[in-house]
Amino acid sequence: MKIKFKISALVLACTIISALAISILSFTFSNKIISDDASEIINSSCEKTAFELDAYFMRIEQSVDTLADYIIDNLNDFETFKRSDAYVDEFSEMVAPSLLSAAEHTEGAISVYIRYSPDVAYPTSGKFYMRNGLNAPYEVVENTDFSIYDKTDLNHVGWYYIPVNNGKPTWMAPYLNENVGVYMISYVIPLFINGENLGIIGMDVDFSLIEELADIKMIYESASAFVLGDENQILFHKEVEYGTMLADLDSNGGTNAIGAAISSGNVSREIFEMKYDGQSYVTTFRPLRNGMNLMVAVTSAEMNAQGAGLRVSIIIAAIVVVILAGVVALIIVSSISRPIASLNRTAQQIAEGNLDAEINVKSKDEIGMLAENFSHTVTRLHDYVEYISEISFVLDEISRGNLDFKLTKEYIGNFAKVKDSLENISDTLSKTMYDINAVAKQVAISSEHVSSGAQSLAQSSTQQTTSITELSRSIDILTEDVALSTENIHKAFLSMEAAFNGIRESSKDMSDMHSAMDAISDASEKISNIVKTVEDIAFQTNILSLNASIEAARAGEAGKGFAVVAQEIQMLSSKTAASTGNINELVENVMSSVKNGRDISIKADNSLKHVASTAEIVKSSLQDISESSNKQSESIEKIDVGIKQIAEAVQNNSATAEESAAASEQMSSQAQVLSDRISMFKLKD
């Protein structure tokens, strides 16, 4: 593909992409702006209408509030009011002008009334004024008789009891007054004095006036308003039947979202969508001060109509921009492609080897500068051909060994570096060859010296090897002797350790025997004590036997038997005393022997302890000697290893010296060959 078409395609593609991007962004932002503007218009219109309705409701509330304050302030004697029907009628006549005045000055008022509680006044007490139309005069209406209805009958008396039960001002739901055929909405205030209900005061307003205020006017022809009750029932819409539930308006559940928002009491500027009568609507709502809600709806088709026209305008503008950009791109591309095509033809001729090709491009822009530079390039190519010819000649001379050459051309650009490099090569190679030649001669001389030195080193290494071998044999013999001594010392250490253990066991046995002698001595002392106790018992028994004999003698014939027993007891005590004396003598002999044995065992124990201490010292000395012998053995082994390593190193040195001698002779011959090769080059002076 030619560059002309590439540039044209690129410009058109960029233009189309830009137009599409701008169109898409324009669509997006225009839709958002139109949607935001429409939302703002709908919300503003809804707020404005809600404000007007609230203002109207406020005027009604102010009228009724003023009447309520007037009545409370002018009721001077509530107790008399509760007892006297005449006072009730008198008070009603007094406030009647104020009731009529308030109703006449309140726009849309149909009726005004004050009714008293049947608990404080007679059942039909109060005043009720109504008119048949907004332009008709007010007339007195007969009051409802509370006595014929129960308080729970809200269908008939709910207009009274609902506000009273609420205990606060109340807006009643709209209702049809069949007497005058008008839909009305009521505002009722319960009256209380010291917590006791006096009655109510209220005003009925023509609901059509509220419908007129709610009939919203906007720039959208399809705009309409809904007035919703507290249970989201439709109280007013110009096309929907009164009392229709909002949820029933869209069978597909489109009104559920706004219905939930209204029921929750959360007020926002959110826009909702719903459908009814086969059309889509956008809606929003605002609560009213009387408990109702105002909802505004506009068809989605009308709201989006402005956006459709704007989108068509954007598409037309994008198409015009693309067409204009295509025409401009073709003009610009033609002015660029013609000189580029001429340069392309010239470049093709140069590529084919025709350096005399002419460039016929006359332009003052970058393409003209390119053509001029192209012409200079052709001129330089002529010079480069001559440079290459001379460089090729010089390289041939270098390949033949001729380093003495000169470059005669004036080189420019990168070729100047080539000229400098070739001249540097000539100088460097010439100097290098001179240096190599000198080094080769010096290497030849040095290699002869190295050869003679290596031969002397080889002879000395051979002699050292013999001496080290003899030394290694002597070390091996010494190692064997030290190992034998170490083994004997270790055996002596083991024997001494066994003897030491035997002495230690004997000392322990002697200590046990010493403990046994102490136990025997203690037992002998206990036996001696027992013998003494027996002697005392024998002595007392002997005394008792004497006393018994005396008492038997005194008893005469009756105590003979007892005297025989006393005599036997005396004989037993005498024998017991004799036996205890013998036992005492034996115990003393045993205790004397035990004492001598104990002294002997103490001496034997001390002697064994002294022997054990001496054996411990001998054992420690033998252990030190054994450890020293082991260390000497290890040291001798290390010396043996070191001598063997020295012997190995000396042998290696001898072999290396012989190899060095051979290498130096070979180096000398190679240096001569190198010198012969260098003489082939023609060097600079």
Side-chain angles (χ1 to χ4, degrees), residues 29-61 107-108 171 174 183 185 205-242 244-247 249-250 254-310:
F29 287 115
S30 64
N31 287 335
K32 186 176 186 306
I33 292 171
I34 291 171
S35 176
D36 292 343
D37 289 343
S39 299
E40 184 62 28
I41 291 171
I42 294 173
N43 275 291
S44 298
S45 299
C46 187
E47 287 177 351
K48 179 176 178 295
T49 305
F51 178 78
E52 292 174 354
L53 288 169
D54 283 341
Y56 178 67
F57 293 140
M58 186 181 295
R59 290 195 297 271
I60 296 172
E61 291 173 0
E107 183 182 8
W171 279 96
Y183 271 105
I185 182 170
V205 181
D206 189 348
F207 196 72
S208 62
L209 185 61
I210 296 173
E211 293 175 351
E212 291 177 4
L213 292 173
D215 191 9
I216 193 165
K217 300 296 187 294
M218 296 171 57
I219 61 172
Y220 299 113
E221 295 180 358
S222 63
S224 61
F226 294 79
V227 177
L228 305 176
D230 55 358
E231 295 181 357
N232 289 344
Q233 72 273 27
I234 299 174
L235 304 178
F236 165 72
H237 186 268
K238 58 186 178 181
E239 296 177 356
V240 179
E241 184 179 356
Y242 175 88
T244 302
M245 298 303 295
L246 180 63
L249 200 63
D250 185 354
T255 57
N256 291 341
I258 189 169
I262 292 172
S263 299
S264 67
N266 295 326
V267 181
S268 66
R269 302 182 71 83
E270 185 177 359
I271 297 296
F272 301 88
E273 295 182 359
M274 70 175 187
K275 287 185 178 181
Y276 74 91
D277 276 348
Q279 288 188 322
S280 297
Y281 288 83
V282 292
T283 66
T284 189
F285 76 96
R286 291 294 182 274
L288 301 176
R289 64 182 292 118
N290 67 340
M292 299 179 183
N293 287 278
L294 176 68
M295 186 175 77
V296 176
V298 178
T299 60
S300 301
E302 184 180 7
M303 194 180 74
N304 295 329
Q306 294 179 345
L310 181 59

- [ ] Starting at SG of Cys46, measure out to CD1 of Ile41 and round the result to the nearest 0.5 Å.
- [x]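 Between Cys46 SG and Ile41 CD1, I get 14.0 Å after rounding to 0.5 Å.
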Task: Leu228 CG to Ile258 CD1 distance, which is reported to the nearest 0.5 Å - done: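 Going from CG on Leu228 over to CD1 on Ile258, the span is 8.0 Å.
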Open item on the list: Go through it in stages, so that I can follow the logic: the residues are Ile234 and Leu249, the test is side chain to side chain contact (heavy atoms under 4.5 Å, CB included), and I'd like the CA-CA distance, side-chain angles, deciding distance and then a yes or no.
Closed with: CA-CA 10 Å; Ile234 299 174; Leu249 200 63; 4.2 Å; yes
What are the two closest heavy atoms between [X] and [Y], and how far apart are they?
X: Gly108; Y: Leu209; answer: CA-CD2, 3.8 Å
X: Met295; Y: Leu246; answer: CE-CD1, 3.7 Å
X: Asn232; Y: Gly259; answer: ND2-O, 3.4 Å
X: Met245; Y: Glu231; answer: CE-O, 3.0 Å
X: Leu294; Y: Ala214; answer: CD1-CB, 4.3 Å
X: Asn293; Y: Gly229; answer: ND2-O, 4.4 Å

- [ ] Report the C-alpha separation of Thr255 and Phe272 in whole Å, then their side-chain angles, then the decisive distance to 0.1 Å, and conclude whether the side chain to side chain contact (heavy atoms under 4.5 Å, CB included) test is met.
- [x] CA-CA 8 Å; Thr255 57; Phe272 301 88; over 6 Å; no
- [ ] Any chance you could lay out the side chain to side chain contact (heavy atoms under 4.5 Å, CB included) test for Asn43 and Ile271, step after step, and finish with the verdict?
- [x] CA-CA 8 Å; Asn43 275 291; Ile271 297 296; 3.6 Å; yes
Kindly indicate whether the side chain of [X], heavy atoms from C-beta on, has any atom under 4.5 Å from the side chain of [Y].
X: Ser224; Y: Lys238; result: yes
X: Arg286; Y: Asp54; result: no
X: Leu235; Y: Ile185; result: no
X: Thr49; Y: Val296; result: no

TODO: Decide side chain to side chain contact (heavy atoms under 4.5 Å, CB included) for Phe285 and Phe226; before the verdict, give the C-alpha distance in whole Å, the side-chain angles of both, and the deciding distance to 0.1 Å.
DONE: CA-CA 9 Å; Phe285 76 96; Phe226 294 79; over 6 Å; no
Task: Residues Arg269 and Glu40 bridged, charged N to O under 4.0 Å - done: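 A salt bridge links Arg269 with Glu40.
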- [ ] Output all residues satisfying ring pair (Phe, Tyr, Trp, His ring centres under 6.0 Å) with Phe51, sequence neighbours left out; order by chain, then residue number.
- [x]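 Counting only residues at least two positions away or on another chain, Phe51 forms no ring pair (Phe, Tyr, Trp, His ring centres under 6.0 Å).
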Task: Set of residues satisfying ring pair (Phe, Tyr, Trp, His ring centres under 6.0 Å) with respect to Tyr56, sequence neighbours excluded - done: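 Residues passing ring pair (Phe, Tyr, Trp, His ring centres under 6.0 Å) with Tyr56: none at all.
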TODO: Would you please indicate yes or no on a ring centroid separation below 6.0 angstrom for Phe236 and Phe207?
DONE: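 They do not qualify: ring centres at least 6.0 Å apart.
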Task: salt bridge (Lys or Arg N to Asp or Glu O under 4.0 Å) against Lys48, all qualifying residues, sequence neighbours excluded - done: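 Glu52.
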TODO: Give a yes or no on this: more than 12 heavy atoms of other residues, nucleotides or ligands lie within 6.0 Å of atom CD of Glu61.
DONE: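 Yes, the 6.0 Å shell around CD holds more than 12 heavy atoms from other groups.
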